[in-house]
Amino acid sequence: MSTTSTPEAPVDKPTPPKKKASFAHRLYTGEVEYDFVGKRKRWYILSGVLLTISLLAIAILGLNLGIEFKGGADFTAPVTVTADTTDQVRTAVEALHLPDNDDISVTTIGDGQVRVQTRTLSVDEVTQVKAAIAQAAGGISVDEVAYSLIGASWGSMITQQAIIALVVFLVLVSLLIWAYFRNYKMAIAAVVALLHDLVVTVGIYALVGFSVTPATLIGVLTILGYSLYDTVVVFDKVRENVADLKNSRFTYSEAANAAVNQVLIRSINTTILGVLPVAALTFTGVFVLGTGPLKDLGLALLVGMIAGAYSSIFIAAPMLAQMKEAEPEMREHRERLARRAQRHDAKEAVEPVKNKAVVVHDGDGPLAEVDEIEPERLGLVSANELARQNRQQPQRSTRAKRKK
């Protein structure tokens with residue numbers, strides 16, 4: 001007995017869903033775009049408010065300069081460092097009730113030393129403080145407490161050197177950017193963004209009252225370099241987008257705005273990855289240690305990195321586009337694009353509509369309504385046209401003629 005098997009019908013495999021493009025990809029390709037450059041006035045206003053608050057804080061509240069800048073007394077003593085060492089030493093010095101001695105800095109150096117910094121003291125006050133530190137350190141000898149006096153003149157010299165270093169840094173940065181991009185306006189925009197970050201960072205220090213120490217200067221110079229790096233990344237993409245601007249249909253502002261959108265995700269990711277460890281550093285310095293170089297360095301880095309990411313996108317790029325758009329060459333390019341757009345609009349308004357709607361019937365009623373397409377668009381020629389052309393078929397020669 002034989003059985004006949006019927007072939008199984010092929011099973012249609014489901015079409016896998018098309019993968020949706022990521023937000024970063026759509027930003028890069030221009031599918032999604034935010035007009036950072038076109039809305040530059042609102043960023044200028046916001047930055048102006050931040051700068052005004054910072055300058056007022058510096059002028060009214062002033063900076064809490066550390067002992068290295070305003071001078072004072074510095075004590076160090078050997079001690080077995082524990083969790084309560086700084087509190088014990090601070091309490092012992094404050095118990096002396098010395099006048100104008102509220103700003104006392106107590107830190108530990110490694111596991112075997114404690115450091116106390118106060119205002120400039122008289123000879124009797126130095127003796128009292130040394131005795132109090134020796135007692136709080138476990139009853140060590142007073143002679144084991146080291147003392148040094150830091151004069152205000154030394155602090156002013158450090159301040160002067162820091163200002164000179166900052167000016168030299170800005171000049172070298174300007175020359176470097178001008179040489180790399182061959183565009184002095186990029187150097188101007190980058191320096192303005194750097195100064196913006198500097199003023200905002202110093203203003204935050206004046207508002208929160210953190211002491212300004214050499215660690216603070218290190219942090220400020222570090223964030224200036226970070227801000228410069230972020231700005232150069234944006235400018236490099238702008239240069240790439242405007243390389244053939246005259247032959248494109250975009251203005252300089254539109255090309256610069258496209259560049260900002262293309263590097264936006266990269267800037268955000270870089271800032272987040274850089275800010276997270278710095279935020280942990282600042283938290284440790286403020287809430288765990290309470291004082292010391294981590295506190296001063298961490299705040300400068302935290303504020304400066306956020307301000308640097310902001311200024312490179314919202315200050316540097318819009319300012320560069322504004323300066324470039326003021327050039328006669330860019331004005332001529334914009335006018336040429338406007339004339340081209342006007343001609344295109346006028347042509348569309350005058351050109352008649354060639355396609356006509358045709359209803360397709362099938363006996364009982366209409367099936368669909370489609371657009372009528374002109375034969376010329378399909379390459380078809382009518383019979384009358386062929387007759388007018390007097391088209392002649394080529395005559396083939398006989399085999400005998402071909403042999404000859």
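These numbers come from a predicted model, not from an experiment.
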May I ask you to decide if [Y]'s main-chain N or O and [X]'s side chain share a donor-acceptor pair within less than 3.5 Å?
X: Gln135; Y: Ala132; answer: no
X: Ser312; Y: Ala309; answer: yes
X: Glu254; Y: Thr251; answer: yes
X: Asn261; Y: Tyr34; answer: yes
X: Asp74; Y: Gln117; answer: no
X: Asp197; Y: Gly304; answer: no

Measure across [X] and [Y] and return the closest heavy-atom pair with its distance rounded to 0.1 Å.
X: Ile140; Y: Pro78; answer: CD1-O, 3.7 Å
X: Gly298; Y: Leu281; answer: CA-CD2, 4.3 Å
X: Ala256; Y: Ala321; answer: CB-CB, 4.3 Å
X: Val232; Y: Phe181; answer: O-CZ, 3.9 Å
X: Pro318; Y: Arg40; answer: CB-CB, 3.6 Å
X: Asp35; Y: Gly38; answer: OD1-N, 2.8 Å

Query - Candidate pair Val234 and Val260, rule side-chain contact (heavy atoms from CB on, under 4.5 Å), full reasoning - result: CA-CA 6 Å; Val234 176; Val260 173; 4.1 Å; yes
Report task. Would you verify whether the NZ or CZ of Arg239 falls within 45 degrees of the ring axis of Tyr180 while also being under 6.0 Å from that six-membered ring's centre? Result -> yes
Enter the distance from [X]:[atom1] to [Y]:[atom2] here, rounded to the nearest 0.5 Å.
X: Thr76; Y: Glu144; atom1: OG1; atom2: CD; result: 11.0 Å
X: Leu96; Y: Thr91; atom1: CG; atom2: OG1; result: 11.5 Å
X: Tyr147; Y: Thr127; atom1: OH; atom2: OG1; result: 9.5 Å
X: Gln113; Y: Arg115; atom1: CD; atom2: CZ; result: 10.0 Å
X: Met319; Y: Met323; atom1: CE; atom2: CE; result: 6.5 Å
X: Leu195; Y: Leu170; atom1: CG; atom2: CG; result: 5.5 Å

Indicate whether the side chain of [X] and that of [Y] have a donor and an acceptor atom separated by less than 3.5 Å.
X: Ser253; Y: Glu325; answer: yes
X: Gln322; Y: Tyr44; answer: yes
X: Tyr310; Y: Ser47; answer: yes
X: Thr82; Y: Thr85; answer: yes

**Report entry** Among Asn257, Ile313, Leu320, side chain to side chain contact (heavy atoms under 4.5 Å, CB included) partner for Val37
**Finding:** Asn257
[Y] and [X], any side-chain heavy atoms less than 4.5 Å apart:
X: Thr118; Y: Leu121; value: yes
X: Glu332; Y: Glu329; value: no
X: Pro99; Y: Glu125; value: yes
X: Leu198; Y: Leu166; value: yes
X: Arg42; Y: Leu46; value: no
X: Tyr184; Y: Ile177; value: no
X: Leu207; Y: Leu61; value: yes
X: Asn64; Y: Tyr205; value: no

Report task. Please work out which of the three classes, parallel, tilted or perpendicular, describes the rings of Phe314 and Phe36, given edges at 30° and 60°. Result -> perpendicular
Report task. Assess whether side-chain contact (heavy atoms from CB on, under 4.5 Å) is satisfied between Thr231 and Tyr229, documenting all intermediate values. Result -> CA-CA 5 Å; Thr231 303; Tyr229 165 78; over 6 Å; no
Query raised in the report: Please walk me through it: do Lys324 and Asn183 pass side-chain contact (heavy atoms from CB on, under 4.5 Å)?
Result: CA-CA 10 Å; Lys324 291 293 293 184; Asn183 191 331; 3.8 Å; yes
Query raised in the report: Do Val93 and Phe75 pass the side-chain contact (heavy atoms from CB on, under 4.5 Å) test, and can you show the C-alpha distance, the side-chain angles, and the key distance before you say yes or no?
Result: CA-CA 11 Å; Val93 177; Phe75 300 88; over 6 Å; no
Query raised in the report: Taking everything shown except Arg119 itself, do over 12 heavy atoms lie less than 6.0 Å from its CZ?
Result: yes
